[in-house]
2 protein chains.
Amino acid sequence: MIYSSELIKGTLKTIILKLLKDNKRMYGYEITQRVKELTNDRIHLTEGALYPSLHALEADGILTTETEYIGKRVRKYYSLSPKGKNVSKEKISEFADFMNTMKFLLDIKTDIA
Amino acid sequence: MIYSSELIKGTLKTIILKLLKDNKRMYGYEITQRVKELTNDRIHLTEGALYPSLHALEADGILTTETEYIGKRVRKYYSLSPKGKNVSKEKISEFADFMNTMKFLLDIKTDIA
DNA sequence: TCCAATACATAAGAATCTGATGTATATTTG
DNA sequence: CAAATATACATCAGATTCTTATGTATTGGA
C-alpha cells in the first residue's frame, strides 16, 4: 500500500526533523531513500516537495548546511541548528500527541503497545 | 495543546467519514462541535474548511443530503451513500496503517495498546 | 434588548504538494 | 563500451486544500 498523498500532507517537516535528530547530518536524496527503506516503500518523498521544504527550514534557522563535493558532484548536507534541536523535539512530541488523539477519534487499535 | 494546523491537513475527510460511519447522519455544525468534544478542544474544524469538504464529498457521490427545517432555520444532514460506506472503511484503515508507519518512523510510544 | 450560539455559505489569499522539466555526474549492465 | 539507470541538485506551473474573513439569518439566554 502506498498512501494517498493527502495523508502525508503536513508530516513532511516532522519526518525531516526526526531523521536529522537521529543522524546528525543528511543530504536531500539520502532522506528520500532512507524514508523509502524505513517505511518499506510506503512513503515516497518527492523532490519537488522535499527541496523547498529543506530550503524553508534553513531560512527559518532550523537547519544549517555544508556543501561537499563527491568527485565532481555536489552534495548538500543538512544538520539541526541548536534552535532546530528544540523545534525537532517539539514537533515530534506534538505529532505523538496528535496521533493519540486521532487514534481515539478513529477507534483504531494499534499493533504494538 | 491545540495542534498546529499543518498537522491536521489531510485528515479532515477521514474524520468526517468516521463520524458519519458511527452516526448515520449529522449536519455540518454538529460535526465541528462533536470533534471539539471528542478531542477535548484539541481539534477545531473551521467552517471554511468543513463546508467545501462536505460539498466535495457529496459531489463525489460519497455523501447524500437531506435538508430539514428546525423552526425557520435550515439544517442540512449528511449521510454515507453505499459507496461512501466502502470509502469510509478504506480511508479509516488506510489511516490506521499510516499511523503505524509513522509511529515506527518516529519511534513513538503510544499510551494504550 | 443585546450578545452568544446556531447554521448555512462563499471567496481571496496563503501554503503546500504534484508532476514535469532541467542539468549534470557516476555507476551498472548487457 | 554504449546505453540505461542511479545519484544529486534545483525550479516552476498548476492543483489542492486550508485560513481567515465576510455575509446572511434564526434562536436562546442574560
Side-chain angles (χ1 to χ4, degrees), chain A residues 2-17 19 23 25-37 41-60 62-63 65-78 91 95 98, chain B residues 2-17 19 25-37 41-60 62-78 91 95 98:
Chain A
I2 294 181
Y3 304 123
S4 68
S5 62
E6 61 168 20
L7 217 59
I8 303 173
K9 290 193 190 212
T11 62
L12 177 54
K13 284 186 182 171
T14 305
I15 292 171
I16 293 170
L17 293 175
L19 289 185
N23 290 285
R25 63 174 211 165
M26 296 181 83
Y27 53 97
Y29 185 78
E30 187 184 14
I31 292 175
T32 65
Q33 301 307 304
R34 188 67 61 84
V35 170
K36 265 195 247 178
E37 281 169 35
D41 272 341
R42 287 190 187 84
I43 297 181
H44 290 194
L45 303 185
T46 61
E47 293 171 298
L50 179 65
Y51 288 118
S53 197
L54 286 170
H55 300 162
L57 289 167
E58 187 185 6
D60 287 345
I62 292 168
L63 302 183
T65 59
E66 307 160 78
T67 297
E68 287 185 16
Y69 279 87
I70 309 299
K72 286 182 186 166
R73 192 156 54 190
V74 76
R75 188 180 281 176
K76 199 164 160 188
Y77 282 98
Y78 290 87
K91 280 269 181 196
F95 194 84
F98 173 66
Chain B
I2 295 182
Y3 305 123
S4 68
S5 62
E6 62 168 18
L7 216 59
I8 303 173
K9 287 192 193 218
T11 63
L12 177 54
K13 285 186 183 172
T14 306
I15 292 172
I16 293 170
L17 293 176
L19 289 185
R25 63 176 213 165
M26 294 181 85
Y27 53 98
Y29 186 78
E30 187 184 13
I31 292 174
T32 66
Q33 300 308 304
R34 189 69 59 87
V35 170
K36 264 195 248 177
E37 280 170 36
D41 272 342
R42 287 189 185 83
I43 296 181
H44 290 193
L45 304 186
T46 61
E47 294 172 297
L50 179 65
Y51 289 118
S53 199
L54 287 171
H55 300 163
L57 289 168
E58 187 185 4
D60 287 346
I62 292 168
L63 301 183
T64 59
T65 59
E66 305 161 78
T67 297
E68 289 186 14
Y69 279 86
I70 308 298
K72 286 183 187 167
R73 191 156 55 190
V74 76
R75 187 181 281 177
K76 200 164 160 189
Y77 282 98
Y78 290 87
K91 280 271 181 193
F95 193 84
F98 174 67

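Residue numbers begin at 1 in each chain, while the letters A, B, ... track the order of the sequences. When reading the values below, keep in mind they use all heavy atoms of this one structure, side chains included, and skip hydrogens, waters and symmetry mates.
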Peer 1: Is any side-chain heavy atom of Ile43(B) less than 4.5 Å from a side-chain heavy atom of Thr11(B)?
Peer 2: no

Peer 1: Can you measure His55(A) atom NE2 to dC9(D) atom C1' for me and round it to whole angstrom units?
Peer 2: 8 Å

Peer 1: Under the salt bridge (Lys or Arg N to Asp or Glu O under 4.0 Å) rule, collect the residues that match up with Glu47(A), sequence neighbours excluded.
Peer 2: none

Peer 1: Evaluate the side-chain proximity of Glu66(A) to Tyr27(A): yes if any heavy-atom separation is below 4.5 Å, no if none is.
Peer 2: no

Peer 1: Rounded to the Å, how far apart are Gln33(A) CD and dC9(D) P?
Peer 2: 11 Å

Peer 1: Going by side-chain contact (heavy atoms from CB on, under 4.5 Å), name the residues that satisfy it together with Asp41(B), two or more places apart in sequence or in a different chain.
Peer 2: Lys36(B), His44(B)

Peer 1: Could you tell me the separation between the CD1 atom of Ile8(B) and the C1' atom of dT17(D), rounded to a whole number of Å?
Peer 2: 13 Å

Peer 1: Any protein N or O atoms within reach of nucleotides 27-30 of chain D? Criterion: under 3.5 Å, listing atom names and distances.
Peer 2:
unit_1  : atom_1 : unit_2   : atom_2 : d
dT27(D) : OP1    : Lys72(B) : N      : 2.7

Peer 1: Can you check the Arg34(A) CZ to dA8(D) P distance for me, whole Å?
Peer 2: 12 Å

Peer 1: Suppose we screen for side-chain hydrogen bond (donor to acceptor under 3.5 Å, both in side chains). Which residues come up paired with Glu58(A), at least two apart in sequence or across chains?
Peer 2: Thr65(A)

Peer 1: Calculate, to the nearest 0.5 Å, the distance between atoms CD1 and CG belonging to Ile16(B) and Leu54(B) respectively.
Peer 2: 4.5 Å

Peer 1: Would you tell me if any nitrogen or oxygen in the side chain of Tyr51(A) comes within less than 4.0 Å of OP1 or OP2 on dA10(D)?
Peer 2: no

Peer 1: Quick one: side-chain hydrogen bond (donor to acceptor under 3.5 Å, both in side chains) partners of Glu68(B), sequence neighbours excluded?
Peer 2: Arg25(B)

Peer 1: So for the helix from dT1(C)-dA30(D) to dG30(C)-dC1(D), with five pairs setting each end axis, what is the inter-axis angle to 10°?
Peer 2: 30°

Peer 1: State the CD1-CD1 distance between Ile15(B) and Ile31(B), to the nearest 0.5 angstrom.
Peer 2: 10.5 Å

Peer 1: Would you mind reading off the distance between Lys9(A) atom NZ and dT19(D) atom C1', rounded to a whole angstrom?
Peer 2: 15 Å

Peer 1: Working to the nearest 0.5 angstrom, can you tell me the gap between Leu45(B) CG and Tyr51(B) OH?
Peer 2: 11.0 Å

Peer 1: Can you name the residues that form a ring pair (Phe, Tyr, Trp, His ring centres under 6.0 Å) with Tyr3(A), not counting sequence neighbours?
Peer 2: Phe98(B)

Peer 1: Looking at DNA chain D, which of residues 42-50 of chain A put a heavy atom within less than 4.0 Å of it?
Peer 2: Glu47(A), Gly48(A)

Peer 1: Please report the distance, rounded to the nearest Å, between CZ in Arg75(A) and P in dA6(D).
Peer 2: 17 Å

Peer 1: Please list, chain by chain and in numerical order, all residues satisfying side-chain hydrogen bond (donor to acceptor under 3.5 Å, both in side chains) with Tyr77(A), sequence neighbours excluded.
Peer 2: Arg75(A)

Peer 1: Walking along DNA chain C from 5' to 3', note the first and the last nucleotide with an atom under 4.0 Å from a heavy atom of chain A, and give both.
Peer 2: dC17(C) to dA26(C)

Peer 1: Can you check the Glu68(A) CD to dT7(D) C1' distance for me, whole Å?
Peer 2: 16 Å

Peer 1: Apply side-chain hydrogen bond (donor to acceptor under 3.5 Å, both in side chains) to Glu6(A) and list each qualifying residue two or more places apart in sequence or on a separate chain.
Peer 2: Lys91(B)

Peer 1: How long is the straight-line distance from NZ of Lys13(A) back to CG of Leu50(A), given to the nearest 0.5 Å?
Peer 2: 12.0 Å

Peer 1: Go through the structure and list residues passing salt bridge (Lys or Arg N to Asp or Glu O under 4.0 Å) with Glu30(B), not counting sequence neighbours.
Peer 2: Arg34(B)

Peer 1: Tell me the interatomic distance from Glu58(A), atom CD, to dC9(D), atom P, rounded to whole angstroms.
Peer 2: 12 Å

Peer 1: Where each residue is assigned the nucleotide of DNA chain D containing its nearest heavy atom, which of Leu12(B) and Tyr78(A) is assigned the position nearer the 5′ end?
Peer 2: Tyr78(A)

